[in-house]
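Numbering starts at 1 and runs along the sequence shown. Order of appearance sets the numbers: ligands from 1, and atoms from 1 within every ligand.
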Amino acid sequence: MSTAITEGRPVPGGETVRVEFEDGIAWVKLNRPDKRNAMSVAMAEDMNRVLDALEIDDRCGVVVLTGEGEAFSAGMDLKDFFRATDNVSDVERMRAYRANRAWQWRTLIHYSKPTIAMVNGWCFGGAFTPLICCDLAIASEDAVFGLSEINWGVIPGGVVSKAISTLMNDRKALYYVMTGEKFNGKVAEQLGLVNEAVPADRLRERTVEVARVLLEKNPTVLRQARMAYKFAREMRWEEAAEYLTAKADQTTFVDKERGREKGLAQFLDEKTYRPGHGTYKREGDS
Ligand code: ACO
């Protein structure tokens, strides 16, 4: 992995992934614009290193995953991932698949910092996995999405079929799985694949707005809230109630900022804010 230097500190990145820091946001750009950011074996390795590094980098409060140039990502690289692993040993193939699975869903689902996918253009096939595994997603209205696997004779594999089933309803998911039909950002919003679609010239601005809201929150509670939601979703009601009660207690225990106590005091005693309108005053807030 090559590393750039900004203000005397190394910036994680590599040939295929570029990182920029800006006011608490780490912009992580898939960086193979000539190949429409198709995801190669090298990109999987770079993304694993980048996400590992950002998790412990205090310049990063929120990760925004996006693509350089006109694509978010044209999916798996048919040449530099699939064909490249067709004729290697089983062990090498499994290593490539494992590297890809690691960043695209295992790491992203359980990432300790909030993540936003900013879909700036083409988004095909395998690109649906990291898109869905980011916490939030904002798309350009004219971004183009497609489960194009059927068009070149494969199924939405990796873990794409599972990933889409967590956000899309069965009729719609199967329609796109079976037809390979493209759809735009507006439709992606209606399908629940992205939170919102905005005009292309508002995409970055809107993403920054959302990231700033997240950066204002107590980061410990934000992490616990994201994890609690993701795990509870998989549980039965009785289990979820027990787990969430325990998780809430644990959150209070691990929260060095003592958010719950401050939130209650500022609302009930000091009457300086209303939780319905925004976040309590954190240390260092002006
Ligand atoms: N894998 C490998 N190379 C790719 C991929 C890909 N997924 N997508 C684009 N490229 C390459 C092209 O081969 C081309 O390379 P070249 O310049 O060496 O010829 C270059 O990127 C530019 O691509 P174009 O097709 O010329 O770009 P265009 O803007 O006309 O079209 C589009 C973009 C629609 C994204 C088109 O490239 C495409 O259909 N790509 C494949 C999309 C796809 O089906 N992805 C796989 C999904 S399935 C899965 O991920 C498991």
Side-chain angles (χ1 to χ4, degrees), residues 14-18 28-48 65-88 92-109 117-134 137 139-168 172-188 191 193-194 197 200 203:
E15 291 299 312
T16 66
V17 180
R18 198 150 67 83
V28 177
K29 296 187 175 173
L30 304 177
N31 189 30
R32 301 180 70 220
D34 294 349
K35 299 291 179 188
R36 306 298 180 261
N37 302 322
M39 296 180 286
S40 58
V41 177
M43 186 180 280
E45 289 164 353
D46 281 344
M47 276 304 299
N48 281 314
L65 177 68
T66 189
E68 195 66 59
E70 61 193 73
F72 176 70
S73 167
M76 297 313 298
D77 191 307
L78 273 52
K79 184 173 167 214
D80 284 348
F81 192 90
F82 289 124
R83 191 170 275 173
T85 57
D86 275 351
N87 296 312
V88 296
E92 267 184 273
R93 184 178 315 111
M94 286 322 297
R95 283 172 67 85
Y97 277 63
R98 195 170 65 226
N100 196 56
R101 284 175 192 163
W103 86 267
Q104 284 195 351
W105 56 277
R106 287 204 175 100
T107 301
L108 277 178
I109 289 175
M118 185 177 91
V119 186
N120 52 308
W122 306 113
C123 178
F124 284 103
F128 277 57
T129 302
L131 161 71
I132 288 169
C133 292
C134 283
S140 171
E141 284 174 354
D142 59 10
V144 178
F145 298 73
L147 292 165
S148 53
E149 288 89 338
I150 195 82
N151 295 339
W152 64 279
V154 300
I155 66 166
V159 79
V160 171
S161 289
K162 174 67 183 170
I164 57 175
S165 75
T166 65
L167 292 185
M168 292 166 83
K172 290 186 172 152
L174 277 169
Y175 180 82
Y176 290 108
V177 165
M178 294 162 72
T179 63
E181 192 177 297
K182 293 175 289 179
F183 52 91
N184 66 22
K186 273 285 181 209
V187 174
L191 292 170
L193 274 174
V194 301
L203 180 62

Please work out which of the three classes, parallel, tilted or perpendicular, describes the rings of F128 and F145, given edges at 30° and 60°. perpendicular
What does the N/O contact table under 3.5 Å look like for ligand 1?
unit_1: ligand 1; atom_1: 1 (N); unit_2: L78; atom_2: N; d: 2.9
unit_1: ligand 1; atom_1: 7 (N); unit_2: A74; atom_2: O; d: 3.0
unit_1: ligand 1; atom_1: 7 (N); unit_2: M76; atom_2: O; d: 3.0
unit_1: ligand 1; atom_1: 15 (O); unit_2: K35; atom_2: NZ; d: 3.3
unit_1: ligand 1; atom_1: 18 (O); unit_2: K35; atom_2: NZ; d: 2.5
unit_1: ligand 1; atom_1: 21 (O); unit_2: D34; atom_2: O; d: 3.3
unit_1: ligand 1; atom_1: 27 (O); unit_2: R36; atom_2: NE; d: 3.2
unit_1: ligand 1; atom_1: 27 (O); unit_2: R36; atom_2: NH2; d: 3.2
unit_1: ligand 1; atom_1: 29 (O); unit_2: R36; atom_2: NE; d: 3.0
unit_1: ligand 1; atom_1: 29 (O); unit_2: R36; atom_2: NH2; d: 3.2
unit_1: ligand 1; atom_1: 44 (O); unit_2: S148; atom_2: OG; d: 2.6
unit_1: ligand 1; atom_1: 45 (N); unit_2: A74; atom_2: O; d: 2.7
unit_1: ligand 1; atom_1: 50 (O); unit_2: M76; atom_2: N; d: 2.8
unit_1: ligand 1; atom_1: 50 (O); unit_2: G126; atom_2: N; d: 2.8

By the definition side chain to side chain contact (heavy atoms under 4.5 Å, CB included), identify the one residue from V17, L65, D46 that meets it with W103. L65
Inter-residue atom distance T85.OG1 - D80.CG, 0.5 Å rounding: 10.0 Å
Does the pair W152 and F124 meet the rule for a ring-ring contact (aromatic ring centres under 6.0 Å, His included), with working shown? CA-CA 12 Å; W152 64 279; F124 284 103; over 10 Å; no
Between Y97 and F81, what is the ring plane arrangement, given parallel below 30°, perpendicular above 60°, and tilted in between? tilted
Are any non-hydrogen side-chain atoms of I150 and V177 less than 4.5 angstrom apart? no
